[in-house]
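Next up is a structure, given as C-alpha coordinates.
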Number of protein chains: 2
Amino acid sequence: MPAALAPEPTAPAQILSRDPRTVRSRAAVLQATVELMVERGVHTVSVDAIVERSGVAKTTVYRHWPTREALVMAAWQTLVSTDDVDPSGTMHEQLRTLALAFATRIGTPPMSLLLPDLMASSARDPKMHAMYDEVVRSRRRPVMETVQAGIAAGLLPPSTDAELVCQLILGPIAYAQLLRHAEVDTAFVERLVTVVLEAANQNMVRTTCD
Amino acid sequence: MPAALAPEPTAPAQILSRDPRTVRSRAAVLQATVELMVERGVHTVSVDAIVERSGVAKTTVYRHWPTREALVMAAWQTLVSTDDVDPSGTMHEQLRTLALAFATRIGTPPMSLLLPDLMASSARDPKMHAMYDEVVRSRRRPVMETVQAGIAAGLLPPSTDAELVCQLILGPIAYAQLLRHAEVDTAFVERLVTVVLEAANQNMVRTTCD
DNA sequence: ACTTTCCAGTACTGGACGGTATCGTAGTGT
DNA sequence: ACACTACGATACCGTCCAGTACTGGAAAGT
(Lines give C-alpha, C1' and ligand atoms only; values in the text may rest on other atoms or scores of the structure.)
Protein backbone atom coordinates (compact mmCIF):
# COMPACT_ATOMS: atom_id res chain seq x y z
CA MET A 1 0.00 0.00 0.00
CA PRO A 2 1.99 3.00 -1.23
CA ALA A 3 1.12 5.92 1.00
CA ALA A 4 3.18 8.43 -0.91
CA LEU A 5 0.05 10.00 -2.34
CA ALA A 6 -1.95 10.55 0.83
CA PRO A 7 -0.83 13.75 2.54
CA GLU A 8 -2.24 12.60 5.89
CA PRO A 9 -4.06 15.79 6.82
CA THR A 10 -4.18 15.07 10.57
CA ALA A 11 -0.45 14.56 11.06
CA PRO A 12 1.38 17.69 10.09
CA ALA A 13 5.12 17.18 10.29
CA GLN A 14 6.07 14.09 12.21
CA ILE A 15 5.26 11.19 9.93
CA LEU A 16 7.87 12.19 7.40
CA SER A 17 10.60 10.43 9.34
CA ARG A 18 9.82 6.74 9.50
CA ASP A 19 13.47 6.07 10.09
CA PRO A 20 13.69 4.64 13.62
CA ARG A 21 16.96 6.47 14.16
CA THR A 22 15.33 9.84 13.89
CA VAL A 23 12.47 9.01 16.20
CA ARG A 24 14.92 7.64 18.72
CA SER A 25 17.02 10.77 18.60
CA ARG A 26 14.06 13.08 18.77
CA ALA A 27 12.55 11.24 21.70
CA ALA A 28 15.81 11.12 23.64
CA VAL A 29 16.49 14.81 23.08
CA LEU A 30 12.97 15.89 24.00
CA GLN A 31 12.96 13.76 27.12
CA ALA A 32 16.32 15.09 28.24
CA THR A 33 15.15 18.62 27.55
CA VAL A 34 12.05 18.23 29.67
CA GLU A 35 14.04 16.65 32.47
CA LEU A 36 16.54 19.48 32.50
CA MET A 37 13.80 22.07 32.30
CA VAL A 38 12.26 20.60 35.41
CA GLU A 39 15.52 20.18 37.26
CA ARG A 40 17.38 23.34 36.48
CA GLY A 41 14.76 25.72 35.15
CA VAL A 42 13.87 26.52 31.58
CA HIS A 43 16.21 29.41 31.03
CA THR A 44 19.26 27.59 32.33
CA VAL A 45 18.92 24.61 30.02
CA SER A 46 21.85 24.57 27.63
CA VAL A 47 22.18 22.59 24.47
CA ASP A 48 25.41 21.13 25.77
CA ALA A 49 23.61 19.80 28.83
CA ILE A 50 20.91 18.30 26.64
CA VAL A 51 23.59 16.66 24.53
CA GLU A 52 25.27 15.20 27.59
CA ARG A 53 22.04 13.99 29.15
CA SER A 54 20.53 12.49 26.02
CA GLY A 55 23.67 10.99 24.57
CA VAL A 56 22.75 12.52 21.23
CA ALA A 57 25.36 14.45 19.32
CA LYS A 58 25.04 18.20 19.12
CA THR A 59 24.99 18.02 15.37
CA THR A 60 21.97 15.79 15.49
CA VAL A 61 20.15 18.17 17.76
CA TYR A 62 20.63 21.01 15.32
CA ARG A 63 19.68 18.70 12.50
CA HIS A 64 16.19 18.39 14.00
CA TRP A 65 15.61 21.81 15.50
CA PRO A 66 17.06 24.95 13.97
CA THR A 67 17.65 26.72 17.24
CA ARG A 68 17.63 26.24 20.96
CA GLU A 69 14.38 28.14 21.32
CA ALA A 70 12.65 25.85 18.83
CA LEU A 71 13.79 22.85 20.82
CA VAL A 72 12.44 24.28 24.05
CA MET A 73 9.15 25.01 22.35
CA ALA A 74 8.98 21.45 21.06
CA ALA A 75 9.65 20.19 24.56
CA TRP A 76 6.78 22.31 25.82
CA GLN A 77 4.51 20.83 23.19
CA THR A 78 5.04 17.38 24.66
CA LEU A 79 3.63 18.61 27.95
CA VAL A 80 0.25 19.94 26.88
CA SER A 81 -2.16 17.21 27.87
CA THR A 82 -5.90 17.25 27.50
CA ASP A 83 -6.96 14.40 29.75
CA ASP A 84 -10.50 15.44 30.47
CA VAL A 85 -12.38 13.21 32.86
CA ASP A 86 -16.10 13.34 32.26
CA PRO A 87 -17.94 10.12 32.90
CA SER A 88 -21.41 10.17 34.34
CA GLY A 89 -22.02 11.60 37.78
CA THR A 90 -23.60 14.60 39.39
CA MET A 91 -22.40 18.06 38.46
CA HIS A 92 -20.94 18.38 41.93
CA GLU A 93 -18.92 15.21 41.51
CA GLN A 94 -17.71 16.20 38.08
CA LEU A 95 -16.61 19.60 39.26
CA ARG A 96 -14.88 18.10 42.26
CA THR A 97 -13.03 15.70 40.03
CA LEU A 98 -12.00 18.44 37.63
CA ALA A 99 -10.95 20.77 40.42
CA LEU A 100 -8.90 18.05 42.03
CA ALA A 101 -7.26 17.20 38.73
CA PHE A 102 -6.45 20.88 38.28
CA ALA A 103 -4.96 21.11 41.75
CA THR A 104 -2.92 17.98 41.28
CA ARG A 105 -1.70 19.07 37.87
CA ILE A 106 -0.41 22.47 38.90
CA GLY A 107 0.69 21.32 42.34
CA THR A 108 2.90 18.37 41.52
CA PRO A 109 5.95 18.04 39.29
CA PRO A 110 6.56 18.59 36.52
CA MET A 111 3.96 21.33 36.16
CA SER A 112 4.48 22.78 39.62
CA LEU A 113 8.04 23.57 38.63
CA LEU A 114 7.44 24.43 35.00
CA LEU A 115 4.34 26.58 35.20
CA PRO A 116 6.06 29.54 36.89
CA ASP A 117 8.77 29.38 34.28
CA LEU A 118 6.15 29.38 31.55
CA MET A 119 4.37 32.30 33.14
CA ALA A 120 7.59 34.27 33.32
CA SER A 121 8.47 33.51 29.73
CA SER A 122 5.00 34.37 28.50
CA ALA A 123 5.26 37.83 29.94
CA ARG A 124 7.73 38.85 27.26
CA ASP A 125 7.61 36.21 24.51
CA PRO A 126 4.48 36.05 22.35
CA LYS A 127 5.12 32.43 21.36
CA MET A 128 5.42 31.43 24.98
CA HIS A 129 2.30 33.41 25.70
CA ALA A 130 0.37 31.38 23.15
CA MET A 131 1.68 28.18 24.64
CA TYR A 132 0.75 29.38 28.08
CA ASP A 133 -2.78 30.22 27.05
CA GLU A 134 -3.13 26.79 25.52
CA VAL A 135 -2.02 25.12 28.75
CA VAL A 136 -4.31 27.18 30.94
CA ARG A 137 -7.33 27.03 28.69
CA SER A 138 -7.12 23.28 28.23
CA ARG A 139 -7.67 23.00 31.97
CA ARG A 140 -10.32 25.65 32.20
CA ARG A 141 -12.51 24.52 29.34
CA PRO A 142 -14.05 21.35 30.85
CA VAL A 143 -14.86 23.19 34.06
CA MET A 144 -16.62 25.91 32.14
CA GLU A 145 -18.54 23.39 30.06
CA THR A 146 -19.66 21.49 33.13
CA VAL A 147 -20.97 24.64 34.78
CA GLN A 148 -22.75 25.74 31.63
CA ALA A 149 -24.30 22.31 31.24
CA GLY A 150 -25.48 22.54 34.83
CA ILE A 151 -27.14 25.85 34.12
CA ALA A 152 -28.75 24.49 30.98
CA ALA A 153 -30.04 21.47 32.87
CA GLY A 154 -31.62 23.61 35.52
CA LEU A 155 -29.24 22.50 38.25
CA LEU A 156 -28.19 26.11 38.74
CA PRO A 157 -30.27 29.28 38.39
CA PRO A 158 -30.45 30.58 34.80
CA SER A 159 -28.92 33.92 35.74
CA THR A 160 -25.79 32.24 37.13
CA ASP A 161 -22.50 33.71 35.92
CA ALA A 162 -20.71 30.61 34.71
CA GLU A 163 -17.44 32.43 34.31
CA LEU A 164 -17.47 33.71 37.86
CA VAL A 165 -18.34 30.27 39.19
CA CYS A 166 -15.40 28.90 37.26
CA GLN A 167 -13.09 31.51 38.68
CA LEU A 168 -14.37 31.00 42.20
CA ILE A 169 -13.44 27.34 41.97
CA LEU A 170 -10.14 27.47 40.09
CA GLY A 171 -8.96 30.77 41.52
CA PRO A 172 -8.46 29.79 45.15
CA ILE A 173 -6.82 26.55 44.09
CA ALA A 174 -4.33 28.34 41.90
CA TYR A 175 -3.80 30.99 44.53
CA ALA A 176 -3.18 28.49 47.30
CA GLN A 177 -0.98 26.36 45.12
CA LEU A 178 1.08 29.00 43.36
CA LEU A 179 1.09 32.21 45.36
CA ARG A 180 0.90 30.73 48.77
CA HIS A 181 2.55 27.37 48.89
CA ALA A 182 -0.19 25.88 51.00
CA GLU A 183 -1.10 22.25 50.70
CA VAL A 184 -4.22 21.70 48.64
CA ASP A 185 -5.82 18.45 49.72
CA THR A 186 -9.03 16.72 48.82
CA ALA A 187 -10.88 18.22 51.77
CA PHE A 188 -10.07 21.76 50.70
CA VAL A 189 -11.22 21.15 47.15
CA GLU A 190 -14.38 19.50 48.39
CA ARG A 191 -15.21 22.41 50.69
CA LEU A 192 -14.44 24.92 47.99
CA VAL A 193 -16.71 23.31 45.41
CA THR A 194 -19.46 22.88 47.99
CA VAL A 195 -19.35 26.51 49.07
CA VAL A 196 -19.31 27.87 45.54
CA LEU A 197 -22.13 25.64 44.31
CA GLU A 198 -24.22 26.42 47.35
CA ALA A 199 -23.78 30.14 46.78
CA ALA A 200 -24.60 29.71 43.10
CA ASN A 201 -27.64 27.65 43.98
CA GLN A 202 -28.97 30.49 46.09
CA ASN A 203 -28.53 32.76 43.08
CA MET A 204 -25.72 34.76 44.63
CA VAL A 205 -23.47 34.42 41.60
CA ARG A 206 -25.41 36.33 38.99
CA THR A 207 -24.35 37.73 35.68
CA THR A 208 -25.65 41.19 36.51
CA CYS A 209 -24.37 42.80 39.63
CA ASP A 210 -27.17 44.92 41.04
CA MET B 1 19.52 67.66 66.59
CA PRO B 2 22.51 65.33 66.33
CA ALA B 3 21.27 61.86 65.49
CA ALA B 4 24.67 60.23 65.64
CA LEU B 5 23.89 58.50 68.90
CA ALA B 6 20.66 56.79 67.92
CA PRO B 7 21.47 53.46 66.27
CA GLU B 8 18.21 53.54 64.35
CA PRO B 9 17.10 49.98 65.04
CA THR B 10 14.96 49.82 61.94
CA ALA B 11 17.78 50.40 59.46
CA PRO B 12 20.10 47.43 59.54
CA ALA B 13 23.03 47.82 57.22
CA GLN B 14 22.72 50.90 55.09
CA ILE B 15 23.67 53.78 57.37
CA LEU B 16 27.34 52.86 57.42
CA SER B 17 28.06 54.83 54.28
CA ARG B 18 27.26 58.47 54.76
CA ASP B 19 29.49 59.38 51.87
CA PRO B 20 27.14 60.84 49.25
CA ARG B 21 29.15 59.22 46.51
CA THR B 22 28.36 55.76 47.73
CA VAL B 23 24.66 56.41 48.14
CA ARG B 24 24.56 57.87 44.65
CA SER B 25 26.29 54.85 43.20
CA ARG B 26 24.15 52.39 45.10
CA ALA B 27 20.93 54.13 44.11
CA ALA B 28 21.89 54.38 40.45
CA VAL B 29 22.89 50.73 40.28
CA LEU B 30 19.77 49.50 42.07
CA GLN B 31 17.49 51.58 39.91
CA ALA B 32 19.14 50.38 36.73
CA THR B 33 18.93 46.81 37.96
CA VAL B 34 15.21 47.05 38.64
CA GLU B 35 14.60 48.69 35.28
CA LEU B 36 16.46 45.96 33.45
CA MET B 37 14.74 43.26 35.47
CA VAL B 38 11.41 44.63 34.35
CA GLU B 39 12.42 45.15 30.76
CA ARG B 40 14.43 42.08 29.95
CA GLY B 41 13.57 39.61 32.69
CA VAL B 42 15.43 38.81 35.85
CA HIS B 43 17.60 36.02 34.55
CA THR B 44 18.82 37.95 31.52
CA VAL B 45 20.09 40.95 33.45
CA SER B 46 23.85 41.13 33.09
CA VAL B 47 26.24 43.19 35.13
CA ASP B 48 27.55 44.76 31.96
CA ALA B 49 24.07 45.97 31.08
CA ILE B 50 23.65 47.39 34.56
CA VAL B 51 26.97 49.16 34.21
CA GLU B 52 25.97 50.65 30.88
CA ARG B 53 22.53 51.72 32.08
CA SER B 54 23.59 53.18 35.40
CA GLY B 55 26.80 54.84 34.28
CA VAL B 56 28.54 53.29 37.25
CA ALA B 57 31.81 51.49 36.72
CA LYS B 58 31.87 47.75 36.98
CA THR B 59 34.47 47.95 39.69
CA THR B 60 32.16 50.04 41.79
CA VAL B 61 29.34 47.55 41.41
CA TYR B 62 31.51 44.76 42.75
CA ARG B 63 32.73 47.07 45.50
CA HIS B 64 29.17 47.22 46.86
CA TRP B 65 27.84 43.75 46.12
CA PRO B 66 30.04 40.70 46.10
CA THR B 67 28.23 38.94 43.29
CA ARG B 68 25.57 39.38 40.71
CA GLU B 69 23.10 37.36 42.71
CA ALA B 70 23.53 39.58 45.76
CA LEU B 71 22.83 42.61 43.61
CA VAL B 72 19.66 41.09 42.23
CA MET B 73 18.52 40.25 45.74
CA ALA B 74 19.20 43.82 46.85
CA ALA B 75 17.17 45.07 43.92
CA TRP B 76 14.30 42.82 44.99
CA GLN B 77 14.48 44.24 48.49
CA THR B 78 13.71 47.69 47.13
CA LEU B 79 10.43 46.37 45.76
CA VAL B 80 8.79 44.95 48.86
CA SER B 81 6.30 47.58 49.88
CA THR B 82 3.84 47.43 52.73
CA ASP B 83 1.46 50.24 51.91
CA ASP B 84 -1.57 49.07 53.79
CA VAL B 85 -4.67 51.19 53.46
CA ASP B 86 -6.92 50.93 56.47
CA PRO B 87 -8.83 54.07 57.34
CA SER B 88 -12.34 53.89 58.70
CA GLY B 89 -15.13 52.40 56.62
CA THR B 90 -17.28 49.33 56.56
CA MET B 91 -15.70 45.93 56.34
CA HIS B 92 -17.07 45.61 52.84
CA GLU B 93 -15.41 48.85 51.77
CA GLN B 94 -12.12 47.92 53.39
CA LEU B 95 -12.05 44.55 51.72
CA ARG B 96 -12.94 46.06 48.40
CA THR B 97 -10.13 48.56 48.73
CA LEU B 98 -7.65 45.89 49.72
CA ALA B 99 -8.76 43.57 46.94
CA LEU B 100 -8.48 46.33 44.40
CA ALA B 101 -5.03 47.27 45.63
CA PHE B 102 -4.02 43.63 45.35
CA ALA B 103 -5.37 43.41 41.82
CA THR B 104 -3.65 46.61 40.79
CA ARG B 105 -0.38 45.60 42.39
CA ILE B 106 -0.07 42.23 40.68
CA GLY B 107 -1.71 43.40 37.46
CA THR B 108 0.37 46.43 36.57
CA PRO B 109 4.09 46.90 36.05
CA PRO B 110 6.47 46.41 37.59
CA MET B 111 4.96 43.59 39.61
CA SER B 112 2.97 42.11 36.75
CA LEU B 113 6.24 41.45 34.97
CA LEU B 114 8.37 40.61 37.97
CA LEU B 115 6.07 38.36 39.96
CA PRO B 116 6.22 35.45 37.51
CA ASP B 117 9.99 35.72 37.49
CA LEU B 118 10.00 35.69 41.26
CA MET B 119 7.71 32.69 41.34
CA ALA B 120 9.94 30.81 38.94
CA SER B 121 13.07 31.64 40.90
CA SER B 122 11.47 30.71 44.20
CA ALA B 123 10.75 27.23 42.93
CA ARG B 124 14.43 26.34 43.11
CA ASP B 125 16.21 28.99 45.18
CA PRO B 126 15.47 29.10 48.92
CA LYS B 127 16.52 32.74 49.21
CA MET B 128 14.14 33.69 46.44
CA HIS B 129 11.48 31.60 48.09
CA ALA B 130 11.81 33.59 51.30
CA MET B 131 11.60 36.82 49.36
CA TYR B 132 8.57 35.55 47.52
CA ASP B 133 6.79 34.59 50.71
CA GLU B 134 7.49 38.02 52.09
CA VAL B 135 5.97 39.69 49.05
CA VAL B 136 2.88 37.51 49.05
CA ARG B 137 2.26 37.56 52.77
CA SER B 138 2.57 41.33 53.01
CA ARG B 139 -0.42 41.54 50.70
CA ARG B 140 -2.41 38.80 52.34
CA ARG B 141 -2.03 39.89 55.95
CA PRO B 142 -4.30 42.99 55.98
CA VAL B 143 -7.06 41.08 54.20
CA MET B 144 -6.89 38.32 56.77
CA GLU B 145 -6.92 40.81 59.63
CA THR B 146 -9.92 42.65 58.24
CA VAL B 147 -11.90 39.42 57.91
CA GLN B 148 -10.96 38.30 61.40
CA ALA B 149 -11.91 41.68 62.80
CA GLY B 150 -15.26 41.38 61.06
CA ILE B 151 -15.84 38.01 62.66
CA ALA B 152 -14.86 39.36 66.06
CA ALA B 153 -17.20 42.34 65.62
CA GLY B 154 -20.13 40.09 64.79
CA LEU B 155 -20.32 41.26 61.17
CA LEU B 156 -19.81 37.68 60.07
CA PRO B 157 -20.96 34.44 61.70
CA PRO B 158 -18.56 33.18 64.39
CA SER B 159 -18.01 29.89 62.60
CA THR B 160 -16.77 31.64 59.47
CA ASP B 161 -13.52 30.30 58.03
CA ALA B 162 -11.48 33.48 57.69
CA GLU B 163 -8.80 31.77 55.68
CA LEU B 164 -11.25 30.44 53.13
CA VAL B 165 -12.89 33.84 52.83
CA CYS B 166 -9.50 35.33 52.20
CA GLN B 167 -8.73 32.77 49.53
CA LEU B 168 -12.11 33.20 47.89
CA ILE B 169 -11.39 36.90 47.47
CA LEU B 170 -7.72 36.92 46.52
CA GLY B 171 -7.75 33.63 44.62
CA PRO B 172 -9.94 34.57 41.69
CA ILE B 173 -8.14 37.88 41.35
CA ALA B 174 -4.77 36.20 41.18
CA TYR B 175 -6.15 33.54 38.88
CA ALA B 176 -7.72 36.02 36.50
CA GLN B 177 -4.70 38.27 36.57
CA LEU B 178 -1.88 35.72 36.37
CA LEU B 179 -3.18 32.49 34.88
CA ARG B 180 -5.72 33.91 32.57
CA HIS B 181 -4.73 37.32 31.38
CA ALA B 182 -8.20 38.70 31.79
CA GLU B 183 -8.76 42.29 32.69
CA VAL B 184 -9.59 42.77 36.34
CA ASP B 185 -11.60 45.94 36.72
CA THR B 186 -13.34 47.58 39.62
CA ALA B 187 -16.66 45.99 38.78
CA PHE B 188 -15.24 42.48 38.93
CA VAL B 189 -13.61 43.10 42.29
CA GLU B 190 -16.81 44.63 43.61
CA ARG B 191 -18.89 41.67 42.49
CA LEU B 192 -16.39 39.23 43.87
CA VAL B 193 -16.28 40.79 47.32
CA THR B 194 -20.06 41.08 47.38
CA VAL B 195 -20.62 37.45 46.47
CA VAL B 196 -18.11 36.14 48.98
CA LEU B 197 -19.33 38.29 51.83
CA GLU B 198 -22.92 37.39 51.09
CA ALA B 199 -22.09 33.71 51.16
CA ALA B 200 -20.14 34.15 54.36
CA ASN B 201 -23.00 36.10 55.89
CA GLN B 202 -25.33 33.19 55.24
CA ASN B 203 -22.85 30.98 57.07
CA MET B 204 -21.86 29.06 53.98
CA VAL B 205 -18.13 29.50 54.59
CA ARG B 206 -17.66 27.55 57.79
CA THR B 207 -14.56 26.20 59.41
CA THR B 208 -15.98 22.71 59.66
CA CYS B 209 -17.15 21.09 56.47
CA ASP B 210 -20.07 18.86 57.34
C1' DA C 1 46.21 71.78 52.64
C1' DC C 2 46.32 66.87 53.36
C1' DT C 3 44.90 62.28 53.68
C1' DT C 4 41.68 59.00 52.76
C1' DT C 5 38.12 57.09 50.36
C1' DC C 6 35.54 56.35 46.40
C1' DC C 7 35.25 56.64 41.73
C1' DA C 8 35.57 55.87 36.19
C1' DG C 9 37.99 53.61 32.63
C1' DT C 10 40.19 50.00 30.58
C1' DA C 11 42.02 45.89 29.89
C1' DC C 12 42.09 41.26 31.02
C1' DT C 13 41.10 36.06 32.35
C1' DG C 14 38.61 32.04 32.20
C1' DG C 15 34.66 29.81 31.18
C1' DA C 16 30.09 28.84 29.21
C1' DC C 17 27.27 28.95 25.44
C1' DG C 18 24.91 28.90 20.66
C1' DG C 19 25.79 27.33 16.42
C1' DT C 20 28.72 25.45 12.31
C1' DA C 21 31.96 22.49 9.62
C1' DT C 22 34.09 18.25 8.65
C1' DC C 23 34.65 13.42 8.57
C1' DG C 24 34.31 8.72 9.18
C1' DT C 25 30.82 5.28 10.40
C1' DA C 26 26.78 2.56 11.29
C1' DG C 27 22.12 1.64 10.61
C1' DT C 28 18.13 1.75 7.05
C1' DG C 29 15.03 1.16 3.04
C1' DT C 30 14.94 -0.90 -1.38
C1' DA D 1 24.12 -6.02 -2.02
C1' DC D 2 23.95 -1.07 -2.41
C1' DA D 3 23.07 3.62 -2.10
C1' DC D 4 21.54 6.64 1.24
C1' DT D 5 20.65 8.79 5.27
C1' DA D 6 21.26 9.87 9.84
C1' DC D 7 24.46 9.48 13.18
C1' DG D 8 28.61 10.37 16.75
C1' DA D 9 32.84 12.72 17.58
C1' DT D 10 35.59 16.47 17.56
C1' DA D 11 37.12 20.65 16.76
C1' DC D 12 36.18 25.21 16.07
C1' DC D 13 34.30 30.33 15.92
C1' DG D 14 32.36 34.38 17.81
C1' DT D 15 30.03 36.17 21.57
C1' DC D 16 28.68 37.06 25.96
C1' DC D 17 29.45 37.08 30.68
C1' DA D 18 31.11 37.10 35.78
C1' DG D 19 34.67 38.70 38.18
C1' DT D 20 39.64 40.84 38.90
C1' DA D 21 43.81 43.96 38.51
C1' DC D 22 45.47 48.31 37.81
C1' DT D 23 45.52 53.11 36.93
C1' DG D 24 44.89 58.11 37.52
C1' DG D 25 41.74 61.41 39.19
C1' DA D 26 38.01 63.50 41.84
C1' DA D 27 35.47 64.19 45.91
C1' DA D 28 34.88 63.67 50.70
C1' DG D 29 36.28 64.36 55.68
C1' DT D 30 39.53 66.73 58.90
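Keep in mind it's a predicted model, so treat the numbers as computed, not measured. Chain naming here is simple, since letters A, B, ... match the order of the sequence lines and numbering starts at 1 in each.
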>> So, using side-chain hydrogen bond (donor to acceptor under 3.5 Å, both in side chains) as the criterion, who are the partners of A:Asp48 when residues are at least two apart?
In response: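 A:Asp48 satisfies side-chain hydrogen bond (donor to acceptor under 3.5 Å, both in side chains) with A:Lys58 once adjacent residues are dropped.
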
>> Among residues at least two apart in sequence or on other chains, which ones pass salt bridge (charged side-chain N to carboxylate O under 4.0 Å, His left out) with A:Arg53?
In response: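 With sequence neighbours excluded, A:Arg53 shows a salt bridge (charged side-chain N to carboxylate O under 4.0 Å, His left out) to A:Glu35, A:Glu39, given in chain and number order.
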
> Along DNA chain D, 5' to 3', what are the outermost nucleotides having an atom less than 4.0 Å from a heavy atom of chain A?
Replying inline: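 That gives a stretch of D:dT5 to D:dT10.
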
> A:His129: what forms a ring-ring contact (aromatic ring centres under 6.0 Å, His included) with it, not counting sequence neighbours?
Replying inline: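 Listed in chain order: B:His181.
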
>> List the residues meeting side-chain hydrogen bond (donor to acceptor under 3.5 Å, both in side chains) with A:Arg21, not counting sequence neighbours, and say none if there are none.
In response: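 For A:Arg21 the side-chain hydrogen bond (donor to acceptor under 3.5 Å, both in side chains) partners, ignoring immediate neighbours, are A:Asp19.
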
> Please, which pairs that meet side-chain hydrogen bond (donor to acceptor under 3.5 Å, both in side chains) have at least one residue in residues 111-128 of chain B, sequence neighbours excluded?
Replying inline: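 Sorted pair list: A:Asp117-B:Arg124, A:Arg124-B:Asp117.
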
Sequence neighbours excluded and cut-off under 3.5 Å, please list the side-chain donor-acceptor pairs for residues 172-180 of chain A, or say none.
| from | atom 1 | to | atom 2 | distance (Å) |
| --- | --- | --- | --- | --- |
| A:Gln177 | NE2 | A:Ala103 | O | 3.1 |
| A:Arg180 | NH1 | B:Glu163 | OE2 | 3.2 |

> Rounding to a whole Å, what distance do you find between A:Arg24:CZ and C:dG27:C1'?
Replying inline: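 Result: 11 Å.
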
> Between the two end axes of the helix from C:dA1-D:dT30 to C:dT30-D:dA1, each built from 5 base pairs, what angle do you get to the nearest 10°?
Replying inline: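 Computed angle between terminal axes is 40°.
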
> By salt bridge (charged side-chain N to carboxylate O under 4.0 Å, His left out), which residues pair with B:Arg40, not counting sequence neighbours?
Replying inline: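 By the salt bridge (charged side-chain N to carboxylate O under 4.0 Å, His left out) rule, B:Arg40 matches no residue at all.
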
> What residues, two or more places apart in sequence or in another chain, satisfy side-chain hydrogen bond (donor to acceptor under 3.5 Å, both in side chains) together with B:Arg96?
Replying inline: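 Once residues adjacent in sequence are excluded, the partners of B:Arg96 under the side-chain hydrogen bond (donor to acceptor under 3.5 Å, both in side chains) criterion are B:Glu190.
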
> Does B:Gly55 or A:Val47 map to a spot on DNA chain C nearer the 5' end, using the closest nucleotide for each?
Replying inline: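 Of the two residues, B:Gly55 wins.
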
>> List the residues meeting salt bridge (charged side-chain N to carboxylate O under 4.0 Å, His left out) with A:Asp185, not counting sequence neighbours, and say none if there are none.
In response: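 For A:Asp185, no residue satisfies salt bridge (charged side-chain N to carboxylate O under 4.0 Å, His left out) once neighbours in sequence are set aside.
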
> For residues 58-68 of chain B, which residues have at least one heavy atom under 4.0 Å from DNA chain C?
Replying inline: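 The answer is B:Thr59, B:Thr60, B:Arg63, B:His64.
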
>> Check whether A:Thr60 reaches the backbone of A:Val56 with its side chain - one donor and one acceptor, N or O, closer than 3.5 Å.
In response: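 No: the side chain of A:Thr60 does not pair with the backbone of A:Val56.
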
> Can you tell me how far C1' of C:dT28 sits from CZ of A:Arg21, to the nearest Å?
Replying inline: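 Rounded to whole Å, this separation is 5 Å.
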
